[in-house]
Amino acid sequence: MKRKSKLWNRIIKTAELPQDLDPHLFFVQWFGSGECLIEQHRGVLSFEPCRIRFLTEQGTVELTGEDLVCEQLTETRAKVRGAIKGLTLEGKS
């Protein structure tokens, strides 16, 4: 897996492609305080009405707030609604 990732990174750099084409990087889109879209996650680590944690290849993404609901959840994409108050990124060590 790491070998494919290194090869893909070299292709992106050599071809001068935008990094958002890398399928290993997660993407977060936050729409005000009521909706957040997370793409390329690897799964849900924990789910509570005030906190949701997602695993990504780079670490964990944590959303905090009130009345959080996963409106849409697939293997790689999640749409969260609620009173979102914070977003924390914690990289792998």
Side-chain angles (χ1 to χ4, degrees):
M1 182 73 173
K2 285 186 179 185
R3 186 174 176 196
K4 285 182 183 180
S5 181
K6 287 180 183 181
L7 176 62
W8 184 254
N9 288 337
R10 263 195 276 154
I11 291 170
I12 287 176
K13 286 179 185 177
T14 304
E16 297 180 9
L17 296 172
Q19 281 200 344
D20 60 347
L21 292 178
D22 189 342
H24 302 100
L25 295 178
F26 70 94
F27 176 78
V28 176
Q29 198 168 10
W30 191 348
F31 304 98
S33 64
E35 187 176 318
C36 186
L37 178 67
I38 300 173
E39 295 185 356
Q40 300 304 333
H41 71 81
R42 301 285 188 235
V44 177
L45 294 173
S46 64
F47 182 89
E48 301 169 33
C50 61
R51 181 178 88 149
I52 304 174
R53 295 178 65 223
F54 295 93
L55 177 65
T56 71
E57 195 164 305
Q58 291 76 35
T60 60
V61 174
E62 179 179 279
L63 293 175
T64 55
E66 297 174 7
D67 302 320
L68 300 179
V69 176
C70 248
E71 190 173 87
Q72 180 185 62
L73 182 63
T74 67
E75 288 182 15
T76 60
R77 181 181 170 130
K79 186 177 183 182
V80 177
R81 282 191 180 264
I84 301 169
K85 295 184 178 177
L87 175 82
T88 306
L89 307 174
E90 186 177 317
K92 286 184 178 179
S93 31

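Because the structure is a prediction, the values reported are computed rather than measured.
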Under the ring pair (Phe, Tyr, Trp, His ring centres under 6.0 Å) rule, what pairs show up with a residue in residues 45-80, not counting sequence neighbours?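 Listed once each, the pairs are H41-F54.
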Identify, with sequence neighbours excluded, every residue that meets salt bridge (charged side-chain N to carboxylate O under 4.0 Å, His left out) alongside [X].
X   : value
R77 : E39
E90 : none
E66 : K85

Nearest-0.5 Å distance that lies between atom [atom1] in [X] and atom [atom2] in [Y]:
X   : Y   : atom1 : atom2 : answer
I52 : L87 : CD1   : CG    : 11.5 Å
L89 : T56 : CG    : OG1   : 8.0 Å
E35 : I84 : CD    : CD1   : 7.5 Å
T60 : F26 : OG1   : CZ    : 9.0 Å

Residues clustered with V69, ILVMFWY side-chain links under 4.5 angstrom: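 Once heavy-atom contacts under 4.5 Å are chained together, V69 still belongs with nothing else.
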Do you know which two heavy atoms are closest between T64 and L68, and how far apart they sit?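 Looks like C-CD1, 4.0 Å.
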Is there a path from L45 to V28 through hydrophobic residues (I, L, V, M, F, W, Y) whose side chains come within less than 4.5 Å of each other?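 L45 and V28: separate clusters.
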Spell out, yes or no, whether V44 and L63 are grouped together once hydrophobic residues are joined by side-chain heavy atoms under 4.5 Å, including indirect joins.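 Yes, one cluster joins them.
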CD/E75: more than 12 non-hydrogen atoms of other groups inside 6.0 Å: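 Count not over threshold, so no.
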Could you check whether any side-chain heavy atom of V80 comes within less than 4.5 Å of a side-chain heavy atom of C70, counting everything from C-beta outward?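 Yes; the side chains approach each other to less than 4.5 Å.
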So, using side-chain contact (heavy atoms from CB on, under 4.5 Å) as the criterion, who are the partners of T76 when residues are at least two apart?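 Partners of T76 by the side-chain contact (heavy atoms from CB on, under 4.5 Å) criterion, ordered by chain and then number, come out as Q40, T74.
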